[in-house]
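Just below is one structure, and these are the notes that go with it.
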Amino acid sequence: MVEQAGTAEPARREELRRGLERVHERIGAACRDSGRDPDEVRLVVVTKYFPASDVRALVELGVGDVGENRDQEAATKVAELDDLRDRLTVHFVGQLQSNKAGSVARYADVVHSVDRAKLVRALDRGAGRAGRQLEVLVQVDLRGAAGGSAGDGAGPGERGGVPLEAAADLAGAVAGSDHLLLRGVMAVAPLGGDPTAAFTRLREVAHGIRQSHPGATWVSAGMSGDLEAAVAQGATHLRVGSAILGSRPPLR
Ligand SMILES: *Cc1c(COP(=O)(O)O)cnc(C)c1O
């Protein structure tokens, strides 16, 4: 038996409510500036390092999409939220080792961070074994496109992604898998680079992939610091953590 997570304290709920409100305002303003319909932009709230009680409060505040980046933490959290499971879409957004793919395939609905053929095969096998279909995005490495470097303080190269020129082939491998649905592309803007240049490149890659895979319409781009640039370049999914939940507690 997994214990169910309790609800957050009222003060924390209020903090989350205000964070969400601010981010929705930013998305609304960015959509107005670029003439987009806010309904085309889905907000994925990245809850990594924060407790299941925060996720519960977010669901009560109307959030339907949450993102996680570490397998073990995500598996535990999703289990604690079993009673809410049908109101939640769980997005796995972090770097994923092939040996964790079977686990992720059991609880995630969408995997944003698929960047190599070995991982495609492992996820497909895992989804098949779990009797599930996974929605998949191909993560593209934009370092060549926008200057800057990889890494978010977690170490160089940690952000991952398939090189631009290999993205279409990898998308083909996803599309050809029995238990994976190719939904589109994802990227993290390189640290210190120009996010607009990076997301423009991502938009072009997405366009190229759609020539062969018309259903691959999702573009996952934009975080707390650069969501406006992502909206302007056609992002359909934003992955926002700290602007809603506050700065992350230090890694344990
Ligand atoms: C943590 C994380 C985010 C959210 O980042 P914030 O800057 O806190 O909004 C988005 N995408 C990925 C892949 C992440 O790991």
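Being a predicted model, the structure only gives us computed values, none of them experimental. When reading the values below, keep in mind they use all heavy atoms of this one structure, side chains included, and skip hydrogens, waters and symmetry mates.
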*Going by heavy atoms in the side chains, are Val46 and Asn69 under 4.5 Å from each other?*
no
_Quick check: do Ser113 and Val93 have side-chain heavy atoms less than 4.5 Å from each other?_
no
*Within-4.5 Å side-chain heavy-atom neighbours: Arg13 and Leu61*: yes
*Before accepting this row, confirm whether a basic side-chain N of the pair Arg17/Glu14 lies closer than 4.0 Å to the acidic partner's carboxylate O.*
yes
*Reported CZ-to-OG distance for the pair Phe92 and Ser103, which is rounded to 0.5 angstrom*: 8.5 Å
*For Ser220 and Leu137, work out which heavy atoms get closest and say how close.*
CB-CD1, 3.5 Å
*Is there a donor-acceptor contact under 3.5 Å from the side chain of Gln233 to the main chain of Thr196?*
no
_Side-chain touch Pro38/His24, heavy atoms, less than 4.5 angstrom_ = no
*Residue that, paired with Asp65, satisfies side-chain hydrogen bond (donor to acceptor under 3.5 Å, both in side chains) out of Arg42, Arg239, His237*: Arg42
_Are the side chains of Arg70 and Lys48 in contact, using a 4.5 Å heavy-atom criterion?_
no
*Evaluate the side-chain contact (heavy atoms from CB on, under 4.5 Å) criterion for residues Ile209 and Leu182: first the C-alpha distance (whole Å), next the side-chain angles of each, then the deciding distance (0.1 Å), finally the verdict.*
CA-CA 10 Å; Ile209 289 175; Leu182 177 68; 4.3 Å; yes
_Go through it in stages, so that I can follow the logic: the residues are Arg183 and Val174, the test is side-chain contact (heavy atoms from CB on, under 4.5 Å), and I'd like the CA-CA distance, side-chain angles, deciding distance and then a yes or no._
CA-CA 9 Å; Arg183 286 298 191 212; Val174 173; over 6 Å; no
*Hey, does the side chain of Arg36 reach the backbone of Ala235 with a donor-acceptor pair shorter than 3.5 angstrom?*
yes
*When you measure from the side chain of Glu15 to the backbone N and O of Ala11, does any donor-acceptor pair fall under 3.5 Å?*
no
*Decide yes or no on side-chain contact (heavy atoms from CB on, under 4.5 Å) for Leu202 and Leu142, but give the supporting numbers first.*
CA-CA 8 Å; Leu202 182 64; Leu142 295 175; 4.1 Å; yes
*Spell out, yes or no, whether Leu119 and Met186 are grouped together once hydrophobic residues are joined by side-chain heavy atoms under 4.5 Å, including indirect joins.*
no
_Taking every non-hydrogen atom, the tightest pair across Tyr107 and Val90_ = O-CB, 3.9 Å
*Taking all non-hydrogen atoms of both residues, which atom of Gly126 and which atom of Ala105 are closest, and how far apart?*
C-CB, 3.6 Å
*Any Lys/Arg nitrogen of Asp194 or Arg201 sitting under 4.0 Å from an Asp/Glu carboxylate oxygen of the other?*
no
*Please step through salt bridge (charged side-chain N to carboxylate O under 4.0 Å, His left out) for the pair Arg106 and Asp71, ending with a clear verdict.*
CA-CA 11 Å; Arg106 282 195 289 275; Asp71 170 52; over 6 Å; no
_Cluster check Val110, Leu84: I/L/V/M/F/W/Y, side chain < 4.5 angstrom_ = no
*Counting only heavy atoms not in Gln72, do more than 12 fall under 6.0 Å of its CD?*
no
*Check for a donor-acceptor pair, side chain of Asp115 on one end and backbone N or O of Gly161 on the other, with a separation under 3.5 Å.*
yes
*Any ion pair linking Arg22 and Glu25 (charged N to carboxylate O, less than 4.0 Å)?*
no
*Hey, which of Thr47, Leu16, Leu20 is the one that makes side chain to side chain contact (heavy atoms under 4.5 Å, CB included) with Val63?*
Leu20
*Assign the ring pair His91 / Trp218 to parallel, tilted or perpendicular, where the plane angle (0 to 90°) is split at 30° and 60°.*
tilted
*Using a strict cut-off of less than 4.0 Å between a Lys/Arg side-chain nitrogen and an Asp/Glu carboxylate oxygen, indicate whether Asp54 and Lys77 qualify as a salt bridge.*
no
*Keeping the roles fixed (side chain from Arg132, backbone from Ala108), state whether a donor-acceptor pair exists under 3.5 Å.*
yes
*Verify the distance criterion only: is there a donor paired with an acceptor across the side chains of Thr236 and Glu40 at less than 3.5 Å?*
no
*Between Gln139 and Val188, is any pair of side-chain heavy atoms under 4.5 Å apart?*
yes
*So, does Asp226 use its side chain to make a donor-acceptor pair with the main chain of Met223 at under 3.5 Å?*
yes
*Should Val59 and Leu81 be marked as a side-chain contact (heavy atoms from CB on, under 4.5 Å) after you check the CA-CA gap, both sets of side-chain angles, and the distance that decides it?*
CA-CA 10 Å; Val59 171; Leu81 296 165; over 6 Å; no
*Using modelled atom types only, decide if a donor and an acceptor are shared between the side chain of Ser224 and the backbone of Ala243 within a distance under 3.5 Å.*
yes
*Please examine the side chains of Val45 and Leu245, heavy atoms only from C-beta on, and report whether any two atoms are closer than 4.5 Å.*
yes
*asked:* Is any side-chain heavy atom of Arg56 closer than 4.5 Å to one of Asp83?
replied: yes
